[in-house]
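Heads up, the thing below is written out as structure tokens.
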Amino acid sequence: MMEGPVIHILDEETVSHIAAGEVVERPASVVKELVENAIDAGASRIRIDIRSDRTEVRRIIVTDDGIGMSPEDARLAFRQHATSKIRTADDLGLIRTLGFRGEALASIAAISEVVLTTRRRDDIAGTEVRLSGGAITSVSECGTPPGTTINVSGLFFNTPARRKFQRTVSTELAHIFDMVERTALSHPEISLQLLHQEKEKFRTSGRGELLDTIQSLFGADLSRRLIEVLPAPGNVSVAGYIAYPLLSQRGRSSVYLSVNGRQITSATLARAIRDGFGESLPKGEYPFAVIDCRMDPEEVDVNVHPTKKEVRFSSERAVADTVRGAVRSALTESDSFQVPEIRRNSAPAPVVEENNHHPEPVLRRTSAGVELPRKTVVAEGKGMYGRTDRQLRQTELPREGPEIAFVPSVLGQINGTYILVAGKDGGLLIIDQHAAHEKIVYDKLRKQADGPPAYQHLLVPVTISLSRKDSALLRDAIEDIASAGIILEEFGGDSWMVRAVPADGVKIEEPDEIKSLVLELIEGVRGPAGDRRLQMYQTIACRAAIKGNTLLSQEQMERLISQLFTAAPPYTCPHGRPAVISYAPSDLEQLFRRR
Ligand code: ADP
Ligand code: MG
């Protein structure tokens with residue numbers, strides 16, 4: 001029978017070389033240590049079962065199908081500095097396991113009630129060890145499947161000060177879920193199942209496909225927007241997936257980093273990923289990214305932080321450069337549509353007159369050059385032009401400057417909703433007019449986000465009346481809404497006067513439109529102030545943008561598209577839905593089986 005690794009107690013000399021400090025800060029640290037042990041035990045399936053009540057995380061049960069422990073090791077495992085993973089300080093230079101300090105189980109047991117059951121595959125019986133406050137209260141034989149289960153309850157029961165220090169149960173749960181997600185992303189080859197109150201939160205396939213894992217954690221919507229980062233030859237190999245951020249995913253928490261399969265946090269590497277996106281990300285925003293760096297273990301020192309979440313590189317600069325380069329080339333290769341084929345035209349882009357007198361029927365060009373009357377495509381009509389053009393005024397091109405020479409070659413419109421554009425080198429772009437317009441308006445508004453609100457006074461103030469409840473809500477939100485450029489004044493009797501709307505790009509003037517916008521804004525005013533303003537801009541942009549099912553003239557489409565492509569890369573609308581779908585020439589060749 002093959003003997004597994006054997007636990008021994010590290011000598012003092014070795015212990016003195018290990019970064020000291022608190023291991024168990026909060027329930028999520030317990031989860032992290034137990035899951036790491038399961039991974040080190042070679043598990044292919046790990047189940048994390050969390051129980052909580054209204055005030056606390058009550059129980060954490062981690063079950064794995066790893067190598068298990070002998071009866072002797074099962075007792076020894078809870079002693080201080082007991083580990084099977086290193087022997088001497090020399091081994092610290094070349095750690096391939098996640099654990100090595102031999103302290104986690106001892107620290108966890110010291111502040112809780114623990115029941116361990118474990119069996120090695122070839123042993124006939126398993127072992128159960130029970131501990132309370134670090135002391136073994138019973139050891140017995142038991143029947144149990146191969147692998148290990150550790151059941152931790154009564155966390156911090158004997159350290160009331162620490163227990164008091166815990167945040168609300170929802171915060172602690174959020175930390176736990178985040179921790180398990182990060183582990184899942186750094187180990188797609190392991191199937192992780194997370195349960196809360198016996199309900200499954202997620203389960204990853206364990207098939208080894210990172211894309212699978214991302215999809216099971218974040219859903220198909222995100223995975224459709226992902227761009228793959230492929231490893232390139234070199235000392236450091238960087239692989240994973242990145243995506244332009246959604247509004248709801250700001251800050252470094254959407255960056256998932258691991259080094260040699262160990263999840264880490266690193267401000268430097270997160271910034272390197274960000275820098276790889278260059279100017280296309282607004283200041284202070286981080287993309288979504290799952291990035292794993294592989295390198296010689298000798299190049300990484302994991303022994304710098306007691307919870308092992310930070311590491312030290314022998315050359316941090318080189319690692320950061322590689323990460324930045326990998327992200328940048330992934331982006332360059334992926335966006336065939338970043339600079340679409342746009343006809344250079346010596347004449348300025350045509351600007352639609354604002355008199356709404358378009359010849360009827362409106363003719364549109366198709367790819368074959370045939371012109372079709374609009375009735376054959378869109379049933380809706382009558383009066384739509386007036387409104388559309390008012391909304392589109394904001395997308396007028398500047399009359400001076402070099403950009404006006406660009407006129408994208410718009411091929412036509414489908415269903416009054418999508419615009420077809422000839423892409424770079426003969427590719428094809430399909431553009432969602434609402435998403436595209438929304439993005440243009442949003443980008444304009446967002447440029448104002450750092451300064452005082454810019455607004456334009458309405459020539460004729462609009463009066464709206466609200467329910468008593470909405471009026472009360474509006475009174476609370478009025479300053480926030482003003483910070484986004486909408487100035488409202490109480491008129492009495494739950495009537496309100498709208499004095500101004502955001503400058504630069506918002507053409508909302510109808511009382512009904514303004515009223516629904518205001519209602520939507522008071523609903524959505526939540527979260528930290530900076531976020532609130534961006535959220536409001538998002539709402540405003542969505543309301544101000546032309547809708548689908550709206551017929552556009554050739555000129556209107558051209559204006560829209562030029563604006564879209566002179567702004568930041570038009571990957572998604574502010575909600576994260578795609579604004580542009582692109583087929584590279586090679587995609588078309590493949591679709592038509594030309595090669
Ligand atoms: P470390 O992981 O740093 O070695 P721990 O206190 O976390 O220290 O664990 C002590 C030892 O207990 C480990 O070295 C390992 O031999 C054993 N062990 C812990 N958890 C498991 C598990 N899930 N499966 C098998 N062995 C385990
Ligand atoms: Mg450990």
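Both ligands and their constituent atoms are indexed starting at 1 by order of listing.
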Distance dump, ligand 1 polar atoms to protein, N/O, under 3.5 Å:
{"residue": "ligand 1", "atom": "2 (O)", "partner": "Asn37", "partner atom": "OD1", "Å": "2.9"}
{"residue": "ligand 1", "atom": "2 (O)", "partner": "Lys85", "partner atom": "NZ", "Å": "2.7"}
{"residue": "ligand 1", "atom": "3 (O)", "partner": "Phe100", "partner atom": "N", "Å": "2.9"}
{"residue": "ligand 1", "atom": "3 (O)", "partner": "Arg101", "partner atom": "N", "Å": "2.9"}
{"residue": "ligand 1", "atom": "3 (O)", "partner": "Gly102", "partner atom": "N", "Å": "2.7"}
{"residue": "ligand 1", "atom": "4 (O)", "partner": "Thr83", "partner atom": "OG1", "Å": "2.5"}
{"residue": "ligand 1", "atom": "6 (O)", "partner": "Ala104", "partner atom": "N", "Å": "3.3"}
{"residue": "ligand 1", "atom": "6 (O)", "partner": "Leu105", "partner atom": "N", "Å": "2.9"}
{"residue": "ligand 1", "atom": "7 (O)", "partner": "Asn37", "partner atom": "OD1", "Å": "2.9"}
{"residue": "ligand 1", "atom": "7 (O)", "partner": "Asn37", "partner atom": "ND2", "Å": "2.8"}
{"residue": "ligand 1", "atom": "8 (O)", "partner": "Gly102", "partner atom": "N", "Å": "3.4"}
{"residue": "ligand 1", "atom": "14 (O)", "partner": "Thr83", "partner atom": "OG1", "Å": "3.3"}
{"residue": "ligand 1", "atom": "14 (O)", "partner": "Ser84", "partner atom": "N", "Å": "3.0"}
{"residue": "ligand 1", "atom": "14 (O)", "partner": "Ser84", "partner atom": "OG", "Å": "3.2"}
{"residue": "ligand 1", "atom": "16 (O)", "partner": "Ser84", "partner atom": "OG", "Å": "2.5"}
{"residue": "ligand 1", "atom": "20 (N)", "partner": "Asn37", "partner atom": "ND2", "Å": "3.4"}
{"residue": "ligand 1", "atom": "23 (N)", "partner": "Asp64", "partner atom": "OD2", "Å": "2.9"}
{"residue": "ligand 1", "atom": "24 (N)", "partner": "Thr148", "partner atom": "OG1", "Å": "3.3"}

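Ser153 and Glu113 share no donor-acceptor pair across their side chains, judged by distance under 3.5 Å alone. Checked by atom type, the side-chain pair Asp65/Ser44 shows a donor-acceptor distance below 3.5 Å.
The Mg ion (ligand 2) has an N, O or S atom of Asn37 under 2.8 Å away, backbone or side chain.
With Cys293 as reference, Val323 is the one residue of Val323, Ile264, Val300 to meet the side chain to side chain contact (heavy atoms under 4.5 Å, CB included) rule.
One finds a salt bridge joining Lys439 and Asp443 here, because a Lys/Arg side-chain nitrogen approaches an Asp/Glu carboxylate oxygen to under 4.0 Å.
Counting only residues at least two apart or in different chains, salt bridge (Lys or Arg N to Asp or Glu O under 4.0 Å) contacts with residues 37-47 comprise Asp40-Lys85, Arg47-Asp49.
Lys201 has its side chain out of reach of Ile176: every pair of non-hydrogen atoms, C-beta onward, lies at least 4.5 Å apart.
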